[in-house]
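First the structure, in the form of structure tokens, and then the observations on it.
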Amino acid sequence: MPQDLLTGLNPEQLRAVTWGRGSALVLAGAGSGKTRVLTTRIAWLIQTGQVSPMGVLAVTFTNKAAREMFTRLSAMLPINTRGMWIGTFHGLCNRLLRAHHRDAGLPQLFQILDAQDQLSAVKRVLKALNVDTEKYEPRKLQAFINANKEAGLRANQIEAYDPYTRRLIEYYAAYDAQCNREGVVDFAELLLRSFELLSRNAMLREHYQERFRHILVDEFQDTSRLQYDWLKLLRAPSNAIFAVGDDDQSIYAFRGANVANMALFQKDMGISEVIKLTQNYRSYGTILDAANAVISHNANRLGKDLWTDAGRGEPIRHYEAATDLDEARFVVEEIQELKREGMAYADIAVLYRSNAQSRVIEHALFSAGIPYRVYGGLRFFERAEIRHALAYLRLTANPEDDNAFLRVVNFPARGVGARTVEAIDAAARAGGVSLWAAACAQGAGKKGLAAFIQLIGQLRQETRDMNLAEQVEHVVARCGLIEYYRGERDGEDRIENLNELTNAASAFAAEAESQDLADFLAHAALEAGEHEAQAGQDAVQLMTVHAAKGLEFMAVFITGLEEALFPHENSLTELDGLEEERRLMYVAITRARKRLYLTHAAQRMLHGQPRYGLPSRFLQELPAELVQSVGGWRGSSDLAPAGAAGPGAPGRAAALPYPVGARVQHPRYGEGVVAGYQGQGAEAEVRVSFPRIGDKWFILEYARLTPC
DNA sequence: AATCAGACCATTTTT
DNA sequence: TGGTCTGATT
């Protein structure tokens, strides 16, 4: 009964869950029970008979969030949630396009290109057109295509005012033509194609509009222009969209996310009043105050402050490291202390702005014998051996798949060299046929190629009557990859992964109740799998701040809080870049439940060069009373940064007007940090590092520096 | 076909 | 600094 569902909700949550007046925008702060609200609302709508399970469309950004929703919903309602339309934008579009492939102009078994596949497809297009890839870089073209598709634009809809862009448009068109020819779609195409399908086909559109009485959107601040338009297309005027998001956690603008959709949504739907979830169930007061203080420096906000009734908690700890090594040492020592106090390693996260920062910390953790896990490596379905195996599988399903063909025609090596492939490619282009067809036409003579053609044909035959897991197992066993990796030095792991692929297939078959190879391949593309996980192991979590979004930890270290690093220097030249960096800081702070450490290093090795950074402005934006300094190199004389003791440095530190790392003011360049000294006596020079300007050398005697 | 040296580059990346 | 990519070498 409804009371059961609704007990334990706070007034804000209750209001959101039982919202009854059309579309709603819910501003859900970090840790405010957003997922709970979303799933409870779905359950409530169903339980009160306002909608049938089939009348709900719930959209998320990640597979993880979608799974979470399924799980919670199953726990709340005695219904079979399997057939419900809950999923990622891409997953749901895939579903839509499979169901209406004919109307969408796609083959029934269309393949999905992931980012890597797409890049190789782009390269092939450029090669076929004889384009100078120095001038038109494949990656740039890929980004151009995706950005435009995500804005809802086909090649012929883009306006160009310069010849360079006109060329890009031309290549975009050629790329789309190639994809159509090969029956493949990239990620952005899934969305654009289904958007076009629905906008062109009124019958279909009305059918789904009629069906989805309630549309619910998670992480609404991350929707792109096209995703928002897609949602609007699916909504009949009489139906409601329930959008949940947090503008303060919008950190993916660089990937096409458009926070402005939140304001636009209010306007489009005539929403006069935003529902705000501001009670936080994750962190102590001090941490929330810090988060509120930092984010209050942003100008363009819908506006909300988080609060808790959990009490103040501990102060935030700030450590000023001399160097990145010192920072890592501090992190390790504190982790050891936390462990001694009884905290599990897995409850501790070390966050950083960019991946390059992980190495020093990893090294320190490794040396100390502390188990750790780094997010952000290759995921299961992205590994080379898995992609090879999938390519064989794709060829058994559809030999015309040129991407797959090229990937494995000579892997493992079977004597099909570049010349042969070149010839096949030329023949295919001349005849307007697939590489497979061209290979079959001329393959008889060439030994290796004949073997390949025979192998694929054989695999095709043999797997015809097998179930999914058997197919995968058979292809993996027979395609020659196992033998190849057996001969490799570190091939055992790869063989293990290949065997794991069979398990992945049976797990998929069970979960999705599908024995369809195409479904499995789509799954592999859409859900690349867990990040390098050793699940169950008690290990410290290392990740970028981006990767930490949505997660929480008892203790969090935010490292590298230096100007030019966090906020990142590149962001300062981007439109609203600094605000996005600040939101990133906000996300980072709100990951911590109990204890939060902030660290920065006066000197850090970057690209093989020492860099001297000022403390991040975000540190200054924190109210001093929330932060407790836990020491650092300034406080103890034995921790001078490496730069001070190098060859050429003056013999006696006392003779120096400023210690290395001191903040100084220059009349021309502004505020900087003393980075080092060189030379003696009258020739002594001082190096000062200025943010955004770089390092400058001054003759010590004449340098117009003042301490600050 | 595989290995190696040198060039080049270096924010973040749910799908 | 170190990872990746390319082109030359064997």
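Just so we're on the same page: letters track the sequence lines, and every chain starts at 1.
In this structure, A/E527 and A/A418 both approach DNA chain B, and ranking their closest nucleotides by distance from the 5' end singles out A/A418. When each of A/A356 and A/V416 is assigned the nucleotide of DNA chain B with its nearest heavy atom, A/V416 is the one assigned upstream, toward the 5' end.
Checking the phosphate oxygens (OP1, OP2) of B/dA1, a side-chain nitrogen or oxygen of A/N410 falls inside 4.0 Å. For the pair A/R379 and B/dT15, the criterion of a side-chain N or O lying under 4.0 Å from OP1 or OP2 is met. Not one side-chain nitrogen or oxygen of A/T60 sits closer than 4.0 Å to the OP1 or OP2 atom of B/dT14.
Using a cutoff of 4.0 Å between basic side-chain nitrogens and carboxylate oxygens, A/R611 and A/E563 are not scored as salt-bridged.
Among B/dT14, B/dT12, C/dG3, the nucleotide with an atom closest to any side-chain atom of A/Y252 is B/dT14. Distance from the side chain of A/H568 is smallest for B/dT11 among the nucleotides B/dT11, C/dG3, B/dT15. Between B/dT15, C/dG2, B/dT11, one nucleotide has an atom nearer to the side chain of A/N570 than all others, and that is B/dT11. Ranking B/dT12, B/dA10, B/dT15 by closeness to the A/H607 side chain, first place goes to B/dA10. Picking from B/dT13, B/dT14, B/dA1 the nucleotide with the shortest atom distance to the side chain of A/A413 gives B/dA1. In this structure, of B/dT12, B/dT15, C/dG3, it is B/dT12 that holds the atom nearest to the side chain of A/H546. Of the candidates B/dT11, B/dT13, B/dT15, B/dT13 carries the atom nearest the A/N355 side chain, counting heavy atoms from C-beta on. Taking every side-chain heavy atom of A/R353 into account, B/dT12 is the closest of B/dT14, B/dT12, C/dG2.
Look at A/F254 and the base of B/dT12; the rings stack, centres closer than 5.5 Å and planes less than 30° apart.
Looking only at side-chain heavy atoms (C-beta outward), A/L234 and A/W230 come within less than 4.5 Å of each other.
With both ends at atom P, the span from B/dT12 to C/dC5 equals 15 Å, rounded to whole Å.
In the model, A/Q142 has a side-chain atom that pairs as donor or acceptor with a side-chain atom of A/Q118 under 3.5 Å. If you check the side chains of A/R407 and A/N403, you find no donor sitting under 3.5 Å from an acceptor.
Rounded to whole Å, the distance from CG on A/L92 to P on B/dT14 is 19 Å. Rounded to an integer number of Å, the gap from A/F61 CZ to B/dT14 C1' is 8 Å. Protein atom CD of A/E569 is 14 Å distant from nucleotide atom C1' of B/dC9, rounded to whole Å. The separation between A/K34 atom NZ and B/dT14 atom P is 16 Å, rounded to whole Å. With rounding to whole Å, A/L325 atom CG is found 13 Å from C/dT1 atom C1'. Distance, A/Q249 CD to B/dT13 P: 16 Å, rounded to whole Å. Atom pair A/E562:CD and B/dT11:P shows a separation of 15 Å (rounding to whole Å applied). Between the P atom of C/dG3 and the CZ atom of A/R359 lies a distance of 5 Å, rounded to the nearest Å.
Heavy atoms of A/N63 sit under 4.0 angstrom from primed sugar atoms or phosphate atoms, though from no base atom. Residue contacts shown for A/E574 include a base, since a base heavy atom lies under 4.0 Å away.
Environment of NZ in A/K140: sparse, with no more than 12 heavy atoms of neighbouring residues, nucleotides or ligands closer than 6.0 Å.
Aromatic pair A/Y485/A/H388: centroids not less than 6.0 angstrom apart.
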